[in-house]
Amino acid sequence: MESSHGDRLLCQLSQLDRDADPLEDTVAGKPRAALLERHLLGGEQPPPSTGCGPFFYIGGTNGASIISSYCKGKGWQRIQDSRRGDYRLKWCEVKCRDSYGSFREGEQLLYQIPNNRLLTTKIGLLSTLREHSRVVSRTSPSAQAKFLKMEEFFPETYRLDIKEEREAFFALFDETQTWICKPTASNQGKGIFLLRNQEEVAALQAKIQSIEEDPSHRKMPFRAPQARIVQRYIQNPLLLDGRKFDVRAYLLVACAVPYMVFFGHGYARLTLNPYDPGSQDLSSHLTNQFMQKKSPLYVLLKEDTVWSMEQLNRYINSKFREPRGLPSDWVFTTFTKRMQQVMAHCFLAAKSKLECKLGYFDLIGCDFLIDDNFKVWLLEMNSNPALHTNCEVLKEVVPRVVVETLDLALETFQKSLRGQKMLPLLSQRRFVLLLNGETDVWPRPGSSRYVPRPPPRMACEAASAAPQTRAADQPGARRPRPPRSAQGHPRPHSPGPDGAPASERQRADSREAVREPSPGSAGEDREGRRSEDHRGS
């Protein structure tokens, strides 16, 4: 494979743990890295460390050493004050209202889309998928055939914060099926328990009733246990050497204006102990590292709790391909395609409700389970997925995911800012494009109509443009206009996240994409006001 700045950086990062010291500020590049650097920085090399920026801020420790090394390799400088507004890149574990209030669209890069809870909380994802299903059900049969059916990839689920739903669940429950109860906005297995018998269900009913009878309940309607879901437990998981596992993949929203959405492979997570459906020990049911670390054997056996996708593919080829009649390399063909279909479906279900501004980007962890019939289930989607590198597979996978995330965010940001065609992307290596939103329609200013908008052309471009029509000038393409202040005058020039001066670029209009009927519900919207931010599992 061709050498690159990213590959060089990954080689060095593979020696780091999440708490290791950052790499040296300067990382030597290869020929492709130089080409990418010139593309991203408008032909300029990053300035030396002079104390004058560009600046970046990292909140929290999740992946901090990888992100810091990447930015310092570009000559950027880290700041520690979260209140400073002169950053070019801000990456935080926990979303803060102030960050979005002071965010300068078209000038800064900010990690996490503000209302990503539509996908990354249990209630948010459930509500988004349900609403999308209702919208699709009102279309023609031919249109419905183009979409996945929710029940084909998402386990049967009920909300406990809605009285009618929890009563429906309590009425249908019987002891032949196990259910799993999860808080909507938690992670790492916290607050999860199984429901196997009537006594456990009765205890949950009594707890909910006692809280509802509390006079303070109306003021805090989303305190546990109401802000929970119950989901049918997949009791026939496919096993690897007798152990339960799931697969972490990545949904990358590299750019929000237009949406540029990618799929990335992750890794398989296995339990330490053999799977026992009747076990009371949650570590045999939940595969995340947080749960496995509770075992005294974890330090000795941790390398076997995370498999690469290549290792998973080899195992399934050797154990199941012939006996189950699977195609060769099922993991990288059928399974990968199914994950991509499900992730694209979920994003499209939420797309019209997500807050889009040029500079927002997001990396979402998606967890899939395969049952013993080789059916693929989406378990959940996580904001701020764990970026620790405490075993060899994670040292290989996580840094390259973070580096390519930042590369793609920078490149798509600059292309959007300059009204350039997105493809091809020089920084795209392992991520796979799921959605190119360049042809999306945008609202016309002062009008409720949503139509393709031809880009305005700058005077300097009109004078120098060749006679032929360029792709960026086609109807539906967007070219940003210069930002204006509240008084309607152009704002003073300021450099963008890559250090390019504003005189060489224009800021994209902050226009909301055409809306389909809104996913979610009033209850979910209220739930979203809680602080659901956390380090992903």
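Looking at Gln198, its side chain never comes within 3.5 Å of a backbone N or O of Glu175 through a donor-acceptor pair. Not a single donor-acceptor pair under 3.5 Å links the side chain of Gln340 to the backbone N or O of Phe263. Without hydrogens or angle criteria, Glu93 side chain to Asn384 main chain gives no donor-acceptor distance under 3.5 Å. Ser427 places no side-chain N or O within donor-acceptor distance of the main-chain N or O of Leu425, the cut-off being under 3.5 Å. Side-chain atoms of Asn62 come within 3.5 Å of backbone atoms of Pro385 as a donor-acceptor pair (strictly under, hydrogens ignored). The backbone N or O of Gly124 sits nowhere less than 3.5 Å from a side-chain atom of Ser127 that would complete a donor-acceptor pair. Tyr100 places no side-chain N or O within donor-acceptor distance of the main-chain N or O of Lys95, the cut-off being under 3.5 Å. Remark: side-chain polar atoms of Glu200 are paired, donor with acceptor, to backbone N or O of Arg196 under 3.5 angstrom. At least one donor-acceptor pair under 3.5 Å links the side chain of Glu404 to the backbone N or O of Arg429. Under a 3.5 Å cut-off, the side chain of Ser416 and the backbone N or O of Thr412 do not form any donor-acceptor pair.
Residues His345 and Phe147 share a closest heavy-atom pair of CE1-CB, 4.2 Å. Considering every non-hydrogen atom in both Met309 and Ala268, the closest pair reads SD-N, 4.3 Å. In this structure, Ile208 and Arg166 approach most closely via the heavy-atom pair CG2-NE, 3.7 Å. Minimum heavy-atom separation, Arg248 to Ala386: NH1-N, 4.2 Å. When all heavy atoms are compared, the tightest approach of Leu119 to Cys346 is CD2-O, 3.4 Å. Smallest separation of non-hydrogen atoms from Ile66 and Leu387: CD1-O, 4.2 Å.
The environment of CD in Glu322 is sparse: at most 12 heavy-atom neighbours from other residues, nucleotides or ligands sit within 6.0 Å. Other residues, nucleotides and ligands contribute more than 12 heavy atoms inside 6.0 Å of the NZ atom of Lys375.
Annotation: side chain of Leu434 is in contact with side chain of Leu251 (closest heavy-atom distance under 4.5 Å). Annotation: side chain of Tyr250 is not in contact with side chain of Thr405 (no heavy-atom distance under 4.5 Å). Residues Ile58 and Ser68 have side chains in contact (heavy-atom distance under 4.5 Å, counting atoms from C-beta outward). In this structure, Leu126 and Met150 have side chains that are in contact, with non-hydrogen atoms separated by less than 4.5 Å. Contact of the Asp362 side chain with the Leu354 side chain is not registered, since no non-hydrogen atoms from C-beta on lie closer than 4.5 Å. Within the 4.5 Å cutoff, the side chain of Val230 has no heavy atoms near those of the Phe173 side chain. Looking only at side-chain heavy atoms (C-beta outward), Leu238 and Ile316 come within less than 4.5 Å of each other. A 4.5 Å side-chain heavy-atom check between Gln177 and Gln235 finds at least one atom pair inside the cut-off.
Ring planes of Phe262 and Phe431: perpendicular class, angle over 60° (limits at 30 and 60°). The aromatic rings of Tyr111 and Phe361 lie tilted to each other, with the angle between the two planes from 30° to 60°.
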Practice item. Output, in order, the C-alpha distance, side-chain angles, deciding distance and verdict of side-chain contact (heavy atoms from CB on, under 4.5 Å) for Val402 and Tyr70. Key: CA-CA 9 Å; Val402 175; Tyr70 176 95; over 6 Å; no
Practice item. Could you please spell out the steps behind the side-chain contact (heavy atoms from CB on, under 4.5 Å) verdict for Val253 and Tyr360? Key: CA-CA 8 Å; Val253 184; Tyr360 289 165; over 6 Å; no
**Study point:** Evaluation steps, ring-ring contact (aromatic ring centres under 6.0 Å, His included), between Trp307 and Phe245
**Key:** CA-CA 10 Å; Trp307 286 12; Phe245 76 101; 7.8 Å; no
Exercise for review: Show your reasoning for whether ring-ring contact (aromatic ring centres under 6.0 Å, His included) applies to Phe320 and Trp330.
Suggested key: CA-CA 10 Å; Phe320 299 108; Trp330 179 86; 9.2 Å; no
**Study point:** Candidate pair Leu160 and Cys181, rule side-chain contact (heavy atoms from CB on, under 4.5 Å), full reasoning
**Key:** CA-CA 9 Å; Leu160 293 183; Cys181 186; 3.9 Å; yes
Practice item. Could you give me the CA-CA distance, side-chain angles and deciding distance for Cys366 and Met339, then say whether side-chain contact (heavy atoms from CB on, under 4.5 Å) is met? Key: CA-CA 9 Å; Cys366 305; Met339 287 194 292; over 6 Å; no
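In this structure Glu355 satisfies the side-chain contact (heavy atoms from CB on, under 4.5 Å) test together with Pro114, Asn115, sequence neighbours excluded. Judged as a ring pair (Phe, Tyr, Trp, His ring centres under 6.0 Å), and not counting sequence neighbours, the contacts of Phe332 are His265.
Interatomic distance, CZ of Phe169 versus CZ of Arg232, reported as 9.0 Å (0.5 Å rounding). Here the CG-CG distance, from Asn116 to Leu125, works out to 11.5 Å after rounding to the nearest 0.5 Å. If you take CG on Asp440 and CG on Leu435, they are separated by 6.5 Å, rounding to the nearest 0.5 Å. Of the inter-residue distances, the one linking Ile234 atom CD1 with Lys244 atom NZ reads 8.5 Å to the nearest 0.5 angstrom. Taken from CZ in Arg117 to OG1 in Thr128, the straight-line distance is 9.5 Å, to the nearest 0.5 Å. In this structure, OG on Ser133 lies 9.5 Å from NZ on Lys149, to the nearest 0.5 angstrom.
Taking the charged nitrogens against the carboxylate oxygens, Glu396 and Arg400 do have a contact shorter than 4.0 Å, which makes a salt bridge.
Checking each of Thr271, Asp367, Ile370 against Asp246 for a side chain to side chain contact (heavy atoms under 4.5 Å, CB included) leaves exactly one that passes, namely Asp367.
Judged purely by distance below 3.5 Å, without hydrogens or angles, the side chains of Gln341 and Arg338 pair a donor atom with an acceptor atom.
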